[in-house]
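The next block holds one structure in the form of structure tokens; read it before the comments.
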Amino acid sequence: MDEKWLTEVFRWLHRNPELAMEERKTTAYLRGILVENGVRLLETGLETGLIAELGTGGGPTVALRADIDALPVCEQTDLDYASRRPGFMHACGHDFHAACMLGAALLLKAREAALPGTVKVIFQPAEEVNRGAALMVATGLLDDVGLFLSGHTYPWYPAGTLGVRPGPVMASADRFFAKIIGKGCHAANPERGDDPIPALAAVVTAAQSVVSRRVNPFDSAVLSITRVAAGNTWNVTPEAAELEGTVRAMTEAVRSDIRRRLESLVSDTARAYGCTAEFRYERGPAPVINDGELCRRAAALARAQGLAVEENPPSMIAEDFSAYLDIAPGAMFRVGTGGGYDNHHPRFTADPAALMPAARFFAALAERELRRLAGE
Ligand code: NI
């Protein structure tokens, strides 16, 4: 394996994007390369995604995680290896992640006899729909992992730069839904009904005070109402009005506090307007909280390998990598891939020059952490 070969792998993946839960060709392609190189694969029982295993097969165990799914985005780059599937694109760099961790797996394969334990390399499906990590965890094949490592493309740093931030780096992402139920009537006779629309408007306005007045200013959170709906004509007061939105937070405490306050605000406001309320709150991924000591060791290793290290800002976007951190500590790093267009943008690109340095970094970090866990 060399840089040219790994770049070709990345280009193949970029040309062949597949949506979450449909990554069959991607899985077959990665499996083919791993098997050809004598890497063991674990039986996940899943149709897409893979877990490769290197080393002794016994403890201690470190995991490297890549995600492999693409997005329903129409690519607008002028790359000669642009997507061959119109309407589908690797616009978040998961092609880069897969190639990078494949590179790391093959580097570790070459050192397999020297590994004092096991490295599991996860090629996870369905990150974009927040399902894949939970599926991988549910296989039980990761229960013995003592440390999880991952990286994500970052267009705001050039190739050769690693973003390392201890503590919370990615937010939780929850979805809420509220229905205000009143009593419909003729719009000319408001006294005969209980209009849910002023109640809904009051909820929308009051909800803005949850983050500004109820969250400690030194904590961060977002509460966005993204959809409101009520009524269908001009002279009928409707029976009900509904809204939906998202809550993002960097800690579990802030997350559950916002949920509690939002729920009571909805029901109490509805009651004040003579209405009742239904409230539904769906918990998505938890915040990603990086292990501080691990970040310190990773930054030192990255510098020793000639990478520039930056303390990347946190993000209110979510990542289901947090599901692995329920098993063991770990960290997600930002891999500088240049380009200048945001992740998910139709012109997003990841600089292949970042591939080999990142693969080397993750292989070396996995081996070092394995030695540390083994007490060497
Ligand atoms: Ni992504």
Q) If you measure only the distance, is there a donor-acceptor pair under 3.5 Å linking the side chains of Q124 and D69? A) no

Q) Side-chain contact, heavy-atom cut-off 4.5 Å: M21 with L135? A) yes

Q. How about F348 and T77: do any of their side-chain heavy atoms sit closer than 4.5 Å?
A. no

Q) Do the side-chain N and O atoms of H14 and E75 include a donor-acceptor pair separated by under 3.5 angstrom? A) yes

Q: Return yes if some donor-acceptor pair links the side-chain N/O of E112 with the main-chain N/O of G55 below 3.5 Å, else return no.
A: yes

(Q) Looking at Y341, I want to see if its OH is surrounded by more than 12 non-hydrogen atoms of other residues, nucleotides or ligands under 6.0 Å. (A) no

Q. What do you reckon, is CZ of R371 surrounded by more than 12 foreign heavy atoms closer than 6.0 Å?
A. yes

Q | Stepwise side-chain contact (heavy atoms from CB on, under 4.5 Å) check, L102 with V9 | A | CA-CA 9 Å; L102 179 73; V9 169; 3.8 Å; yes

Q. Atom CD of E127 and atom CG of D67: how far apart are they, to the nearest 0.5 Å?
A. 5.0 Å

(Q) Tell me whether L370 shares a hydrophobic cluster with L141, the cluster being built from Ile, Leu, Val, Met, Phe, Trp, Tyr side chains joined at under 4.5 Å. (A) no

Q | same_hphob_cluster(V288, L64) at 4.5 Å side-chain heavy-atom cutoff | A | no

Q: Determine yes or no for a side-chain-to-main-chain donor-acceptor pair under 3.5 angstrom, with S315 supplying the side chain and M170 the backbone.
A: no

Q | Pair E18-R24, salt bridge (charged side-chain N to carboxylate O under 4.0 Å, His left out): steps then yes or no | A | CA-CA 8 Å; E18 293 177 299; R24 291 182 194 86; over 6 Å; no

Q: Flag this pair as yes if the NZ/CZ of R280 is under 6.0 angstrom from the six-membered ring centre of F177 and inside a 45 degree cone about the axis; otherwise no.
A: yes

Q.
With a 4.5 Å cut-off on side-chain heavy-atom distances among I, L, V, M, F, W and Y, is there a chain of contacts connecting I317 to V335?
A. no

Q.
side-chain contact (heavy atoms from CB on, under 4.5 Å) for T26 and T48? Distances and angles first, verdict last.
A. CA-CA 8 Å; T26 306; T48 61; over 6 Å; no

**Q.** Side-chain donor or acceptor of T161 paired with backbone N/O of G336 under 3.5 Å
**A.** no

Q) Taking atom types as modelled and ignoring hydrogens, do the side chains of T246 and D174 form a donor-acceptor contact shorter than 3.5 angstrom? A) no

Q) Is there side-chain contact between H152 and C92, with heavy atoms separated by less than 4.5 Å? A) yes

Q) Under 6.0 Å from the CZ atom of R297, do we count more than 12 heavy atoms belonging to anything else shown? A) yes

Q: Output, in order, the C-alpha distance, side-chain angles, deciding distance and verdict of salt bridge (charged side-chain N to carboxylate O under 4.0 Å, His left out) for E319 and R65.
A: CA-CA 12 Å; E319 239 291 349; R65 177 270 203 167; 2.9 Å; yes

Q: Applying salt bridge (charged side-chain N to carboxylate O under 4.0 Å, His left out), run through K120 and D144 and close with a yes or a no.
A: CA-CA 10 Å; K120 291 184 176 174; D144 58 351; 2.9 Å; yes

Q: Could you tell me if the ring centre of F333 sits under 6.0 Å from that of F361?
A: yes

Q. In chain order, what residues pass the ring pair (Phe, Tyr, Trp, His ring centres under 6.0 Å) check against F148, with sequence neighbours excluded?
A. Y324

